[in-house]
Every structure is written in C-alpha cells, then in structure tokens.
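Every number for a ligand or one of its atoms is a count from 1 in the order of the listing.
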Amino acid sequence: MADRSVPDIIFTKVDEAPQLAAASLLPIIKAFAAPAGITIGTRDISLAGRIIAAFPERLTDAQRQPDDLAELGELVKSPSANVIKLPNISASEPQLVAAVKELQSQGYDIPDYPADPATPEEKDIRARFDAVKGSAVNPVLREGNSDRRAAIAVKNYAKANPHSMGKWSADSKTYVSTMGSGDFRSNEKSATLSAAQAGPAKIELVKADGSVSVLKSNVNLHAGTVVDTTFMSAKALSQFLIEQIEAAKRNGVLFSIHLKATMMKVSDPIIFGHAVKAFLKPVFDRHGAAFEKAGIDPDAGLGTLLERVAAMPERGEIEAGIKAVIAERPPLFMVNSDKGITNLHVPSDVIVDASMPALIRAGGKGWGPDGMAADTSCVIPDSSYAAIYDEAIGFFKANGALNPATAGTVQNIGLMAQKAEEYGSHPTTFEIPADGTVRLVLANGEVLHEHRVAEGDIWRAATTRKAPIEDWVKLAIERQKDEGCQAIFWLDASRPHDAELINYVKPILAAAGVTEKFQILAPREATRLSLETITRGENSIAVTGNVLRDYLTDLFPILELGTSAKMLSIVKLMNGGGMFETGAGGSAPKHVQQLMEENHLRWDSLGEFCALGESLKFLASAKGNPKARVLGNAVDAATQGVLDHNKSPGAKAGQTDNRDSHYFFARYWAEALAAQKDDAELARHFAPVARALAENEPEITAELAAVQGKPASLGGYYRTDPAKTAAVMRPSATFTRFLGDLEASSRTAAARPA
Ligand code: NAP
Ligand code: MG
C-alpha cells in the first residue's frame, strides 16, 4: 500500500468531471510543487471508493481500500489540515445502484443494494450503503464555516467579458409555487438548550393506541445547541402537488418540481416520490397494488418505474395508461428532451440550487418535451426558502435580466460547521409509520418538542451547535470589516429556528460594537435588497445558514459569473486547519458524457486554480514555508493569465478544453515563477521550463487538438480505469515528457547538498 504519512496538501480523489480534470491537473501540481519540497497526496472520497471501503471483508487484498473519508474526517480537526476538496457525487439511490453494478462487473464482490432489507444481514448491508448514500462527505469534512466569494480577478473578468443572459419579459408566465401550510416551514419548533437540558435525548413515536416506539435514541445534545423539529404533512403535500399540476395545465406552462434529493437524502426522495404519484395519479389508483407487488418505488423516479413496468406481465395496459395520463397532464419540464428524460425521471437530475438559477439565467425558461424553451411552473414544496426564487423571478420580470457587465457581487458567509442545520439529510429524519405524536424527549425526561403526525408524514430534527454559531458571527464581522460593504443576516424573525439564531447574533454584534453595520432580513426581503444593490453595481455580504449558503453560492455566481464553478470557497476549520473547496458547483455529469462521446472536456478548473493558490498560501503561513507562498502567488498570476488570454474551456468539441487550459495554466505558472524576485532558486529552476513550454506551444496544442471529436473510453464511469483515464486526459506526449523531466530534475536538485 502507498505511503500513508500525511502529505502537506491533500487533493481529494472524487468522481465525474472534476476527477477527469484531476488526471491532467494533478501531475502538473505535483511537478511544480516538488522543487519547493512540498508533497501533494490524494485521499479517495469518490462514490466508488466509499463503497469499496465499506465492504473490506468481501474483497481481495488488491481490491481493498482504507476508509479515507474517516481519516480525513479526523484530519480536518487538526491544525495542520490542508485539504483541497473537489465536488463529489452525493449519490441518489439510482446512482448508488449503478455504481454497485459497475463495481460488480469489474470483479468486486459488492452486494446488491437491498431496497427492502429483511434479514439482519441485509439490514447490515443496507446500513453500510446508507452511510455512503446522499450527502455523506461534506458534513463529515466541514469542521468549519464557509467563506465563499468570487476572487477579484474572476469578477473583473466576468464584467469585462459578460456571459449571455436570457431575456426576461414582464409578461413571462413563469412562477414559483410553494405550500405555506402543512410544510416544514410552517410546522417548525425550535429551542436553545440550557445546561440542565443537555445529554442524550431520544425521538419517539407515541401511536394512537398509546404504544411507544423509539425512532432514535442517544441523540447527543449539548448546552447552547439550537434544536429544531418539524414535519411535512403527506396529505397536504399530495393535495398541493395535484393542485399545482392542474394549475400548470390551466396556465399553459411546463410543470417542474425542484428538490435536493441528493443532499436531503431522506426527506427529498420521498417528496419526489409523491410528485411522481401525483402526476400519474390515475395510473397509481388503478395499478398501485401491482406496482407494490413488483417492488416499484416511486421515490426512484419515473425512469426506474418505466424500466420495471417493461418487465411486468401487464406491461401493455400500464404503458398505454401512462401515455394517456401524460397526454392529459401539463407538458413536463425536460432534463433532456432529445432523450425523453423528464423532470420526474431521476430524483437527482433536478437539483434546486443549480436548476432554479439556470432557469432564471435563461430568462425564466425551461425546456419542454418538444425541445422548445417555455415558461414554467416551478414547484418548490417547502416554503422555507422558496421565496428567494419567487422574489428573484418577480424582480427580473419587473426590471429585466441582471447585467453581468455592471453588476456588483454577493459574497457569502455560511454557517455549516459540525453539521449545523443539516435538514433532511440525517439519521434524525423519518417517514412516519403510523398516526400518533412524535416527541423529542431530553435526557432529563422533559419533552422539548412534539408534533401530531399521520402515517407517511416526513418528520425531521436538526441541530446547530453554539461554537459554530459564534464562529460564524465572528467570521461575518471580519469579512464585513475587510469589505466595508452592506452585510445582511438572512434570518426570518418569524421563523422559530431563525429567531433562536437571532438571539445569538444580536448580543455578539453589540459586544463587538458593529450592530449598525448589519441588517437582519427575512430571505425574501434580503433577496430584494441584494438584487437592488448589485444592480446598482455595489456589493453585499449574505450571512446565512447552511441551506442558503448552498443555494445562494449557486444563485448569485450563476447570474454574475455565468457559473458557480469559479468561486473561491474557503472552509475556515475551527481548529485552525484549512479546507479549500473548488468552486460551489457539483461534478457536472453532462461533461463526462460529452467527453465519452466526442473527447471534449468542458469542465473549467478555475475553481481548482483558486483553491490551489489559497492552499499554498495557507501552507506558507501554517508551516512557515516561504517557497509555498512564492508558488501560491504565482498560481494567482497564472489564473489571471488563463482569464486574460481567454484560455478557459469552451463548450464545443474543437474548442479549447480542460486539457488545453491546464497546459496554459502550467505555462503561465512557470512564467510567473521564473519572473518573480522572492526566490532566486525557484526562478532559476523554472526559467527553462517556462521557455520550453512556450517554445513548444504549437506542438503541444496540436497534440491536444488531435484527439478531439472522437469517442473516448475510460473503462468505467464510477470507477474509471486509471491507465485509460491517464491516456485520455494526458494526450500530449510532449507536455507529459516536460512534466516528467521537471519532476526528475527536482529530485536531482533535492538530492544535491544545499
Ligand atoms: P453541477 O454538477 O454543478 O452541474 C450543473 C451545471 O453547472 C453543469 O452542467 C455545468 O453547466 C455547470 N458546471 C458546474 N461546474 C462546472 C465547471 N467546473 N466547469 C464548467 N461548468 C460547470 O450540479 P448538479 O447537476 O446539481 O450536481 C451534479 C452532481 O454533483 C451530483 O451528484 C451532486 O450531488 C454533486 N454535487 C456535489 C457538490 C460538492 O461535493 N460540493 C456540490 C454540488 C453538487 P453546463 O452543462 O452548462 O456546462
Ligand atoms: Mg449548491
């Protein structure tokens, strides 16, 4: 096994597009870091890697992998942590099942995912898979709060080279609808625990007949923790969905639902399943029993349902029924109209934080089944945060699209440390099995919160600890001081959870003497004020909870910069280490498809470049390594160079792609190192590299261009073949040879006595 000593910088191994990009970028980073004596290592947090690590006893020595995620989860609590964290798959059930199938086909004896575990063995297997599923990585690693913004160079570039924006017109029929009663927002209860209330609590269901079943015991609660509970009524949800389907039909718009079935891995697939059932209600009324018998689970989506139906004896009748119902329903918002993939096909295909901004950027249009853009009904069942999209849509209808050439920026300081506000993604979310009352019972026997629930309701608890809240307010104060601009706590005093947070925020601001520098506004009002502010060209800081951290760091960057991939995204680990996330976007599955079809990778590594610069500069101060600072400053110059010379990837085959942009990044990095005056040794080392990379540009770019336009084979999707991936991602023999020489020469240099 490879050396497990902790390298200076850990660059995580992930999935999909960012992992392909890493196959090209990581060798560059290693070659450039070597002369400074900086070690770069990887830890595997990919979906395939997590699955493999969960079943060691079934695998051969060669197949087995350590639990890197657990190791990293410990490392982020140490002051020396320095992690570059790329986006990974938060797996929905269909993705997990597909990954298992692929690993099995590669000879890994991974068990099938048990959809309905019955035996103790199946329950054990299911528990291991559940730990891998959904948002399994970020909550473990995020031992700090988040600081996300566009680097100044990136923002200036976006202003000088504005991306295209869809037109908004005042008569757009696009709208957001949300429940407003019977949902999580309306049923929420919240309290901050005193010391006497701390200790292991339990969650129990008291059924109508008086019997009590414990849903979860040993929920360890600390003094000062804000504890929320709430539930979504299944009945209210179904009724709302049916009304919204009918309304979309009446209004002549596409129907779409926007959820986060990946991160909110327990609650949102269930809500998605309700939408599938509501849309196909007549079919479920007629064939519900047969579906159940065939093990069809609407939560997995229409795509899986259609596959399963195709294998049923009553196939013909059911398919005809589905077709007839769909013909009567409003047209569905499409994920891919060419391939017939609808909004209801796959729960993880439409993820609210990316899907709503993309629709807003496009002028409020979605794609219909006819392949045409059309106005859309956007259903966001829970009303906690739907108002931000509703307000944005209203604002752009009234004022026209945002102008990226003149717009200011919205930065974010987000509360997320120690699993703060992890709503719906946690082992404290349940689909209620029977009518009754759910109670959260504290260690001292006191019932903190209780709700009357019905079978099928989705009940959840979330906690937010004291130290992370205080750290978050402190970060907000620092950032506001640095920027000097408007700063808003996006908190709704009328919402129970937010009211508890406000009780923390106000005294800390007062003690620091900065009360008048901050506003506290509910999400709708904060959205309006922030949009008015950036429309004037001024900046604003959004100080938000965890969910809005996620949503806003897609919404504003997608409007301002065209993408959330170019963000600087720093996690200030509470114990002193640093974690640098690469942008605020995900792993762009569409990009992998394009690479496999036409060997063009349009993934933009700007997020990785920004994170690398920050990580090196952090290393310089954390370990007193001045060479790391020189390298980090040169990374910033190289990033600027990639932007100034327009070397970011284009969307189409034949254009500059990810690999070309890495070559230019390396060249500008070498040029900046050769030109700097802080470290003569590094300057001497990189001068010939810079020259050689420039001189060989025609050869290298020709070698890179030659491969585009033809299909590429990676030997897998979730677990690609390393040799095949390297061959695809490093097609320029000339460039590969230079990097090899560079690493070898620094080994020789290191071996020479100083
Ligand atoms: P996404 O991967 O961000 O994709 C949405 C779109 O954003 C892409 O199709 C692409 O647009 C654009 N995009 C994102 N990153 C880009 C980059 N570096 N360069 C160029 N374009 C970029 O969001 P998603 O579809 O919601 O999520 C996909 C997967 O990522 C899911 O499995 C999700 O769980 C995971 N995810 C992980 C994290 C994390 O680990 N921090 C965060 C979010 C999502 P075009 O198609 O127009 O090029
Ligand atoms: Mg997001």
> With the Mg ion (ligand 2) at the apex, how many degrees lie between OD2 of Asp554 and OD1 of Asp550, rounded to 10 degrees?
Replying inline: 140°

> Between the side chains of Asn539 and Gln411, does any donor sit under 3.5 Å from an acceptor?
Replying inline: no

> With a cut-off of 4.0 Å, which atoms of ligand 1 are near a heavy atom of Ala354?
Replying inline: 26 (O)

>> Tell me which one of Leu72, Asp68, Ile40 satisfies side-chain contact (heavy atoms from CB on, under 4.5 Å) with Ile10.
In response: Leu72

> Any side-chain donor paired with an acceptor under 3.5 Å for Thr544 and Asn412?
Replying inline: yes

> If you measure every N/O of Ala588 against every N/O of ligand 1, is any gap under 3.5 Å?
Replying inline: yes

>> One residue to check: Ile351. Relative to ligand 1, which of side chain, backbone, both or neither has a non-hydrogen atom less than 4.0 Å away?
In response: side chain

> For Tyr385 and Asp492, does a side-chain donor sit closer than 3.5 Å to a side-chain acceptor?
Replying inline: no

>> Could you tell me if Thr527 and Glu391 have a donor-acceptor pair between their side chains, going purely by distance under 3.5 Å?
In response: no

> Hey, does Thr563 come in under 3.5 Å of ligand 1, counting only N/O atoms on both sides?
Replying inline: no

> Are a donor atom and an acceptor atom from the side chains of His600 and Gln594 found within less than 3.5 Å of each other?
Replying inline: no

>> Below 4.0 Å from ligand 1: does a non-hydrogen atom of Lys566 turn up there or not?
In response: no

>> Please work out, at 4.0 Å between heavy atoms, whether the side chain, the backbone, both, or neither of Val14 comes within that distance of ligand 1.
In response: neither

> Does Arg148 come within less than 4.0 Å of Asp554, counting only side-chain N to carboxylate O?
Replying inline: no

>> Against Asp550, only a single residue in Leu555, Asp353, Asn138 fulfils side-chain contact (heavy atoms from CB on, under 4.5 Å); can you say which?
In response: Asp353

>> Checking a contact table here: which protein heavy atom is nearest atom 1 (P) of ligand 1, and how many Å away?
In response: Gly586 N, 3.5 Å

> Evaluating non-hydrogen atoms only, which member of Leu606, Ile558, Asn88 is closest to atom 35 (C) of ligand 1?
Replying inline: Asn88

>> Quick test of your reading of the structure: of Ser348, Gly585, Ser90, Ala261, whose heavy atom lies closest to atom 42 (C) of ligand 1?
In response: Gly585

> Which residue holds the protein heavy atom closest to atom 22 (C) of ligand 1, what is that atom called, and what is the gap in Å?
Replying inline: His591 CE1, 3.8 Å

> Is it the side chain, the backbone, both or neither of Ala358 that has a heavy atom closer than 4.0 Å to ligand 1?
Replying inline: neither

>> Within ligand 1, which atoms have a heavy atom of Lys590 less than 4.0 Å away?
In response: 9 (O), 46 (O)

>> Tell me the protein heavy atom at minimum distance from atom 29 (C) of ligand 1, and give that distance in Å.
In response: Ser587 OG, 3.3 Å

> To which protein heavy atom is atom 46 (O) of ligand 1 closest, and what is the distance rounded to 0.1 Å?
Replying inline: Arg602 NH2, 2.8 Å

> Should the proximity of Pro87 to ligand 1, defined as any heavy atom under 4.0 Å, be assigned to the side chain, the backbone, both, or neither?
Replying inline: both

> Does the side chain of Asn145 pick up a donor-acceptor pair with the side chain of Asp471 at under 3.5 Å?
Replying inline: yes

> ligand 1 and Lys85, any nitrogen or oxygen pair closer than 3.5 angstrom?
Replying inline: yes

>> For atom 7 (O) of ligand 1, is there a protein heavy atom at a distance under 4.0 Å?
In response: no

> Which of the listed options, Asn138, Ile89, Asn658, holds the heavy atom that is closest to atom 32 (O) of ligand 1?
Replying inline: Ile89

>> Only N/O/S atoms count here: what is the atom of Asp353 closest to the Mg ion (ligand 2) called?
In response: OD2

> Closer than 4.0 angstrom: is that true for some heavy atom of Pro589 and an atom of ligand 1?
Replying inline: yes

> Under 4.0 Å from atom 12 (C) of ligand 1, is there any protein heavy atom?
Replying inline: no

